[in-house]
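In what follows, every chain begins at residue 1, and chains take the letters A, B, ... in the order their sequences are listed. Computed from a predicted model, the values in this text were never measured in an experiment.
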Number of protein chains: 2
Amino acid sequence: MLQKKILAAPSIKRLPRYLHIIKQAQMDGAEYISATTIANELHLVSIQVRKDLGITGIIGKPRKGYPILPLIESIERFLNWDTEKKAIIVGAGNLATALTGYPEFFNHGLKFVAAFDTDTKKIGKNIHGVPVLSIKQLSEKVSELNATIAVLTVPSKVAQECANIITKSGIKAIWNFTNIKIKLPADVVSQFEDLTSGYAMLSVKMDSIHND
Amino acid sequence: MLQKKILAAPSIKRLPRYLHIIKQAQMDGAEYISATTIANELHLVSIQVRKDLGITGIIGKPRKGYPILPLIESIERFLNWDTEKKAIIVGAGNLATALTGYPEFFNHGLKFVAAFDTDTKKIGKNIHGVPVLSIKQLSEKVSELNATIAVLTVPSKVAQECANIITKSGIKAIWNFTNIKIKLPADVVSQFEDLTSGYAMLSVKMDSIHND
DNA sequence: TAGATTGTTAATCGATTAACAATC
DNA sequence: TAGATTGTTAATCGATTAACAATC
């Protein structure tokens with residue numbers, strides 16, 4: 001199998017933003033887009049965009065830029081956004097409702113197939129068409145539905161406990177929205193999403209303006 | 001005024017995680033906490049924690065670590081989490097419901113005072129005790145309520161338009177949850193929160209496991 | 001005391017940016 | 001042609017990590 005090239009984490013995080021700009025250009029009827037155009041839109045420098053897009057292997061044309069169609073395909077392939085991935089969401093609260101209703105995920109292959117909760121008031125209902133089930137059914141349903149990703153949106157107190165249930169079910173990827181760094185077996189990957197870190201950044205930026 | 005020291009963005013983003021661990025230790029009755037303890041909990045190396053905590057100016061004790069009480073105070077002061085900040089939320093959808101109901105923000109000085117929307121079905125109601133008002137009232141209410149932060153959770157199509165309304169109201173800090181890089185006057189700070197970048201990271205991590 | 005831990009200075013590592021020839 | 005843009009190699013910058021004396 002062809003070894004996929006390695007890209008630095010900051011570069012990977014920028015790719016979705018590039019993709020968004022490129023798709024907009026496509027909808028505007030463009031066939032090519034230059035690194036300069038993308039960079040200007042995102043307040044970056046063009047050399048950074050050029051370097052990041054190097055991973056795609058798509059050859060740009062001098063004076064025109066990159067051909068949009070293969071560029072989109074290549075970025076989506078790199079991100080594995082070209083294949084459907086079935087996800088469960090553990091904790092059927094407000095954040096789960098926000099995430100299941102966010103169209104960007106669905107558009108990029110992430111399909112929520114079930115939500116799990118302990119609250120009997122929630123079980124049996126559904127959020128954005130996703131059925132809410134008892135957490136006791138998790139393992140059974142994961143096998144049945146072939147889910148490969150678990151999104152964790154439970155209160156932090158039960159985060160580790162839920163993570164254990166998830167890993168027992170055979171799921172190897174956890175998107176963790178709790179503020180707990182959960183302990184996982186070595187073969188399980190996870191992405192820690194910390195909303196308070198963004199708030200910290202904003203607070204510090206606000207303060208620094210006054211101290212210039 | 002004493003010039004506040006500058007800390008790199010990655011360090012600032014780690015501070016909330018440290019704070020969380022330190023507060024847990026405090027609740028467990030500890031008076032001191034070492035960089036080693038924090039690092040182990042977060043799967044980091046102790047030198048990194050030590051370096052980051054250097055910004056606080058709190059002097060640690062050899063063999064014991066840092067005194068918890070002043071350490072917490074100092075981190076909170078650095079992040080400006082020790083003062084109340086009034087925020088409005090623009091777009092009263094699912095994400096707004098999740099954010100206004102997230103206790104971590106409230107605990108760190110972020111108080112939502114009003115939500116704004118264009119949907120007449122939402123206007124007049126409230127989300128987690130926060131009144132939903134017409135976006136037409138935004139400017140007036142910002143002055144009246146002394147809000148200093150706007151959290152932007154509207155559909156991307158209207159993101160720039162809403163940002164314009166926000167900046168006209170005099171607000172100088174925008175926490176942007178849309179996937180649009182909005183254009184802002186130079187004196188307005190913003191924090192761009194991109195949920196798809198986390199999804200990109202998770203997808204790539206999942207893929208790399210199989211290609212080892 | 002021995003040894004765990006701190007704080008600081010230096011070294012390393014990795015990401016960003018610069019330089020520039022090649023191209024259409 | 002002139003000039004905007006690419007792709008690649010080299011230089012710079014900044015964050016992380018290492019080293020180590022000081023301390024309790």
### Summary
Writing each nucleotide of DNA chain D 5' to 3' as (, ), [, ], | or . by Watson-Crick or G-U pairing under 3.5 Å yields ..||||||||||||||||||||||
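- Residue whose closest nucleotide on DNA chain D sits further toward the 5' end, between A:Ile58 and B:Arg14: A:Ile58.
- Judged by the 6.0 Å and 45° rule, B:Lys111 forms no cation-pi pair with B:Phe106.
- From the 5' end on, the contacts that DNA chain C makes with chain B at under 4.0 Å to a non-hydrogen atom open and close at C:dG3 to C:dA10.
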### Query
Given the rule in the side-chain hydrogen bond (donor to acceptor under 3.5 Å, both in side chains) test, do A:Gln191 and B:Lys205 qualify, once you have shown the distances and angles that lead to the verdict?
CA-CA 9 Å; A:Gln191 173 68 19; B:Lys205 282 180 191 167; 2.8 Å; yes
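- Remark: side-chain polar atoms of A:Asp28 are not paired, donor with acceptor, to backbone N or O of A:Ala30 under 3.5 angstrom.
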### Task
Please report the C-alpha distance between B:Asp82 and B:His108 in whole Å, then the side-chain angles of each, then the deciding distance to 0.1 Å, and finally whether the side-chain hydrogen bond (donor to acceptor under 3.5 Å, both in side chains) criterion is met.
CA-CA 7 Å; B:Asp82 56 344; B:His108 296 307; over 6 Å; no
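- In this structure, A:Tyr199 and B:Trp81 have parallel ring planes: the angle between them is below the 30° cut-off, well short of the 60° mark.
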#### Entry: Working for side-chain contact (heavy atoms from CB on, under 4.5 Å), residues B:Thr167 and B:Ile171
CA-CA 5 Å; B:Thr167 51; B:Ile171 279 185; over 6 Å; no
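- Between A:Lys23 and A:Glu76 there is a salt bridge, since at least one side-chain N of the basic residue sits less than 4.0 Å from a carboxylate O of the acidic one.
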#### Entry: Chi angles and distances behind the salt bridge (Lys or Arg N to Asp or Glu O under 4.0 Å) call for B:Asp187, B:Lys172
CA-CA 7 Å; B:Asp187 65 336; B:Lys172 302 289 185 216; 3.0 Å; yes
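- Mapped onto DNA chain C by nearest heavy atom, A:Asp52 and A:Pro62 fall at different nucleotides, with A:Asp52 at the one closer to the 5' end.
- Along DNA chain C, the nucleotide closest to A:Arg63 and the one closest to B:Ala35 are compared, and the more 5′ of them pairs with B:Ala35.
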